[in-house]
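For reference, the structure is listed below as structure tokens.
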Amino acid sequence: MAELTIHGTYFSSKDPNHVQAVQDALIMIDSKGIIARILHRKDPEYAKQLQVARQQERLVELGADQYLLPGFVDLHVHAPQWPQAGLALDLPLAKWLNHYTFPLEAKLSDPTYAQKVYQDFVHNLLANGTTAALMFGTIHFSANMILAKESVKQGLRGFVGQVVMDNPSTSPEYYRNSSAQAALSSTEKFIHAVRDLQTQSGQTIEPVITPRFVPSCTDEALFGLGRLAHQYDLPVQSHLSESNWEHGYAIERFGQRDTEVMDHFGLLTKRAVMAHGTQLTKDDWRILRERHSAIAHCPISNIYFGNGVLPVKQLLALHNQLGLGSDISGGYTPSLFHNARQAVKSSQQLTDGVDNQLPAEKRGVAGSRITMANAFYLATRGGAAALGLKTGVIQAGYAADLQVVKMHRALMPLSTADIFQRLMYQTEQTDIETVFVNGQPVYQRN
Ligand SMILES: O=c1[nH]c(=O)c2nc[nH]c2[nH]1
């Protein structure tokens with residue numbers, strides 16, 4: 001017997017290029033929060049199951065203007081930067097980090113402040129339809145545990161990284177690990193504490209190996225983190241060739257590209273997610289493919305700091321693994337609806353180019369435009385695959401991580417394909433009505 005049945009029309013990603021739309025389905029969720037069956041109108045059992053669910057008051061009936069989507073997976077987000085979302089984005093990356101971001105992150109050493117920030121942050125992710133997130137914390141063990149506990153409490157599938165930044169030449173004294181050894185032993189303590197939390201709660205909460213990025217770490221720290229990633233079989237997250245500056249830094253310090261450096265230290269694993277990658281070369285793409293490491297595309301953030309556009313279309317064609325990240329606060333919004341829109345818009349600009357003083361055929365990279373179906377794949381199925389989660393699609397056997405969204409009033413008849421576009425282009429936080437994780441409501445708009 002289904003614990004909960006949702007009756008309505010849903011959209012789910014079939015593959016990187018196609019979206020499945022199913023009208024008037026019955027999505028039957030079992031007591032473990034897994035989608036057990038999906039019945040379509042022509043199924044012989046449909047009418048009976050609908051009636052039973054209704055009689056037993058286990059039915060969520062979507063209204064005519066409501067639709068069901070998978071919950072989103074935010075593949076790159078900085079939880080401690082939530083208070084500064086939307087600030088200082090006209091600065092270059094290095095200045096933004098030194099003048100705004102590091103001073104803010106340092107304040108999370110205060111557990112009272114951390115509690116206030118993380119409670120609000122997790123709530124806002126859920127309210128924006130995000131049901132799983134790969135998060136950077138700070139260098140502070142206690143604050144990171146507050147983030148992990150808050151994720152569990154509010155029902156977010158949380159992947160939490162204790163940031164390592166021990167390089168005195170790039171990290172300020174007031175906000176850096178005192179030594180590589182101190183960073184590594186605190187990371188190991190964090191791994192055990194989060195694993196205990198996972199056992200006690202039975203929820204998805206995982207520690208993540210998190211060198212902030214190559215410039216902020218000493219060789220000793222990078223080497224030690226690579227070892228811990230393998231020893232504990234943990235996800236890894238970092239930034240990779242995000243900007244001209246970061247890309248150039250690795251070459252200057254190591255005589256190798258950022259990707260080669262990460263690989264050298266054993267940090268490109270099949271559980272690794274590298275953010276941005278706007279400056280990656282085709283050789284870097286190949287290395288990432290060979291290691292089965294994913295890229296978190298952060299299109300809003302890349303406008304400000306990326307010095308380029310990630311060629312998503314080409315990477316998907318090559319079967320590189322990709323997902324979508326909000327990159328709060330390099331990106332100003334936690335909404336993956338907004339990020340999906342920006343991914344499509346940026347890809348169009350990559351196709352056309354932007355310098356109108358050049359002949360049209362020399363301005364851009366032809367054939368780079370992605371569709372909203374591609375962007376939706378990144379925000380759902382792609383991100384879930386990168387984290388090894390059986391979520392991100394509405395399909396029997398997958399966890400019921402879902403969002404109910406309300407479409408803006410239509411003044412003309414719309415096909416289901418049109419409705420998908422309308423939802424992806426117009427949904428705001430206030431249009432997200434209910435969010436489920438594992439079949440349980442974790443957010444309800446009043
Ligand atoms: O967008 C970014 N946000 C950060 O916090 C950061 N740290 C290093 N590189 C970074 N890029």
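In this chain, numbering begins with 1 at the start of the sequence shown. Order of appearance sets the numbers: ligands from 1, and atoms from 1 within every ligand.
The side chain to side chain donor-acceptor pair (under 3.5 Å) search around Thr218 returns Asp166, not counting sequence neighbours.
Around ligand 1 you find His78, Gln81, Leu93, Trp96, Leu97, Arg212, Phe213, His239, Glu242, His276, Asp327, each with a heavy-atom distance below 4.0 Å.
The pair Arg253-Asp219 counts as a salt bridge, with a side-chain nitrogen and a carboxylate oxygen less than 4.0 angstrom apart.
Counted within 6.0 Å of CZ on Phe223, heavy atoms from surrounding residues, nucleotides or ligands total 12 or fewer; the atom is thus considered open. In this structure, Phe141 places its CZ atom where more than 12 heavy-atom neighbours from other residues, nucleotides or ligands lie under 6.0 Å away. Residue-environment remark: CD (Glu252) stays at or below the threshold of 12 foreign heavy atoms within 6.0 Å.
Aromatic ring centres of Phe136 and His239 lie closer together than 6.0 Å.
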